[in-house]
Trainee: 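This is the structure I want to talk about, given as structure tokens.
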There are 2 protein chains.
Amino acid sequence: MERIELEPMGAERSGGRTERADAAANRALILCTAERLFRERGVENVCMAEIAEVAGVGKGTLYRRYANKGELCLALMDTQMTEFQDSSLTLFSGLTAQGVPYLEQLARFLRSLVEFTDIHSPLLVEVERAGMIQGVDRLNLPHFWQYMTVSALLRAAERNGELAANLDLEYLGEALLAPLQVDYFRFQRYVRGYSIERIGEGLRALVERLGA
Amino acid sequence: MERIELEPMGAERSGGRTERADAAANRALILCTAERLFRERGVENVCMAEIAEVAGVGKGTLYRRYANKGELCLALMDTQMTEFQDSSLTLFSGLTAQGVPYLEQLARFLRSLVEFTDIHSPLLVEVERAGMIQGVDRLNLPHFWQYMTVSALLRAAERNGELAANLDLEYLGEALLAPLQVDYFRFQRYVRGYSIERIGEGLRALVERLGA
DNA sequence: AATATTAGCGGACTATAGTCCACTTGTCAA
DNA sequence: TTGACAAGTGGACTATAGTCCGCTAATATT
């Protein structure tokens, strides 16, 4: 498994020249302002216009950098997502070396994903909403790498003879991640009242049933 | 299993007296107008203001009947949802009488739910979106009865000794329905390009793995 | 250093959901 | 029949996301 590039709008542009100095300063200012406002008053209670105003830039400037609130939120999570990804990969290497089955690794990955989703759900809500709004064709970055990880583990488990026969692994990866869609996840947490542990255990049970 | 009341804002009010005649006429007019506009131009391209305007009523009137676009869409699906529910229940009685295992019934139910979701996804998108917007506390009617059905079948399967031990049935019901959340479902259909058959089979495989 | 190129900027503008409230009218009870 | 009042109505208003486009100025080229 390989690290997935998580910085679609990072400072080093794919296109060509480096970011202009004033633009870089504004980017930092915007991120910093957004982070503060979100922390003080909650993500859902802060609108884009306000972020621009408090940061002292025009709305056009804000939207040039971040095409919507979701992208901005994604940028704020960037570091933590990368760290989560890296630490997961490191962990897996270790577990594989110890001979821990891939299905077990999958169960643990899902469990830590439950925690990640819980912690970042306010930002993730915006990311998903934006992904939806831009039409179904735009993919959602967090989901993308989560899917890559899950499906890689499923394939490894199959190669390793841990899985029951005739499973549609490609679809299965999606089905296992479906309960982690943020809106649904929040419903389970705050309406159903399920704890993180219960959700993690439920997913573990499902994963275990896939065994031969 | 019992039929679930699907008409939260039907003509016969739970509270008391009958709907005023002029209001009833407007309700019909609104539904009829919305149905036509949605059919002609697509649900997502028709806004509430336009429906009110074309129907010749004020926005206030429209919103008094349907607190948001989701409720309006739900009202438009009302008949079909009821029919789907009734025919599912009838079908189950027959299958149970024939001795078809409950897990098999569950797999078939999910399969028909996949079709239902696919057909009504444009309206369901609005229903779910509205459910989300009104805060996590408002429950989503279609999901509610779907969950009732799934969890009843799971419990029946358990009583009947069809299930593996120590499963968290309550959670499992949610997990099985998660891939049918409309936004996620559309992602699978139109981005991943999965067919209805493939999704149905995927869910069937998952259900079958729950067996003892 | 002068100039051209083009990224960057800002804020007015549109679109849409949904709220509010003063006004109107149907319904029921006397 | 009539009057009270709850139900119903309409449209102005707010809030917010996101677009557009003419102006400005940083950077590259000469």
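Quick caveat, the model's predicted, so the values are computed rather than measured. Chain identifiers are assigned alphabetically (A, B, ...) following the order of the sequence lines, protein sequences preceding nucleic acid strands; residue numbering begins at 1 within each chain.
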Trainee: Separation of R129(B) atom CZ from dA17(C) atom P, in whole Å?
Mentor: 7 Å

Trainee: Between C1' on dT16(D) and CG on L62(A), what's the gap in Å once rounded to a whole number?
Mentor: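 Atom-to-atom, L62(A) to dT16(D), this comes out as 13 Å.
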
Trainee: Expressed as a whole number of angstroms, how long is the span from L29(A):CG to dG10(C):P?
Mentor: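 Going from L29(A) (CG) to dG10(C) (P), I get 10 Å.
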
Trainee: Using whole Å, what does the distance between atom P of nucleotide dT16(D) and atom OH of Y66(A) come to?
Mentor: 22 Å

Trainee: Would you verify whether the NZ or CZ of R198(A) falls within 45 degrees of the ring axis of Y194(A) while also being under 6.0 Å from that six-membered ring's centre?
Mentor: yes

Trainee: Roughly how far apart are N26(B) CG and L62(B) CG, rounded to 0.5 Å?
Mentor: 10.0 Å

Trainee: Quick check with a 6.0 Å cut-off and a 45 degree axis cone: is R108(A) positioned over the face of F92(A)'s six-membered ring?
Mentor: no

Trainee: Please report the distance, rounded to the nearest Å, between CD in E71(B) and C1' in dG18(C).
Mentor: 12 Å

Trainee: Within residues 47-61 of chain B, which residues have any heavy atom lying less than 4.0 Å from an atom of DNA chain C?
Mentor: C47(B), M48(B), K59(B), G60(B)

Trainee: Can you find a side chain N or O atom of N26(A) that sits less than 4.0 Å from OP1 or OP2 on dC9(C)?
Mentor: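 So the side-chain polar atoms of N26(A) do come within 4.0 Å of the phosphate oxygens OP1 or OP2 of dC9(C), strictly under.
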
Trainee: Could you tell me how far apart I30(B) (CD1) and dT9(D) (C1') are, to the nearest whole angstrom?
Mentor: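 For the pair I30(B) CD1 and dT9(D) C1', the rounded distance is 10 Å.
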
Trainee: Provide, to the nearest angstrom, the distance between the OH atom belonging to Y63(B) and the C1' atom belonging to dC21(C).
Mentor: 17 Å

Trainee: With a 4.5 Å cut-off on side-chain heavy atoms, are K59(B) and R64(B) touching?
Mentor: no

Trainee: Within this structure, what is the CD-to-C1' distance between E126(A) and dA17(D), rounded to whole angstrom?
Mentor: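 My rounded result for the distance is 11 Å.
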
Trainee: Using a 4.5 Å cut-off on heavy atoms from C-beta on, say whether the side chain of L74(B) contacts that of M81(B).
Mentor: yes

Trainee: So, OP1 or OP2 of dC9(C): does either fall under 4.0 Å of a side-chain N or O from R64(A)?
Mentor: no

Trainee: Strictly under 6.0 Å, is that where the ring centroids of F84(A) and H120(A) end up?
Mentor: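 Here the rings of H120(A) and F84(A) have centres that are no less than 6.0 Å from each other.
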
Trainee: Assign each of A21(B) and A24(A) to its nearest nucleotide of DNA chain C by heavy atoms, then name whichever residue's nucleotide is nearer the 5' end.
Mentor: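 It is A24(A) whose nearest nucleotide is closer to the 5' end.
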
Trainee: Can the positive tip of R155(A) be found less than 6.0 Å from the middle of the six-membered ring of Y102(A), inside 45° of the ring normal?
Mentor: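 Negative - R155(A) is either too far from the ring of Y102(A) or too far off its axis.
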
Trainee: Would you tell me if any nitrogen or oxygen in the side chain of R27(B) comes within less than 4.0 Å of OP1 or OP2 on dG8(D)?
Mentor: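 Looking at the OP1 and OP2 atoms of dG8(D), neither is under 4.0 Å from any side-chain N or O of R27(B).
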
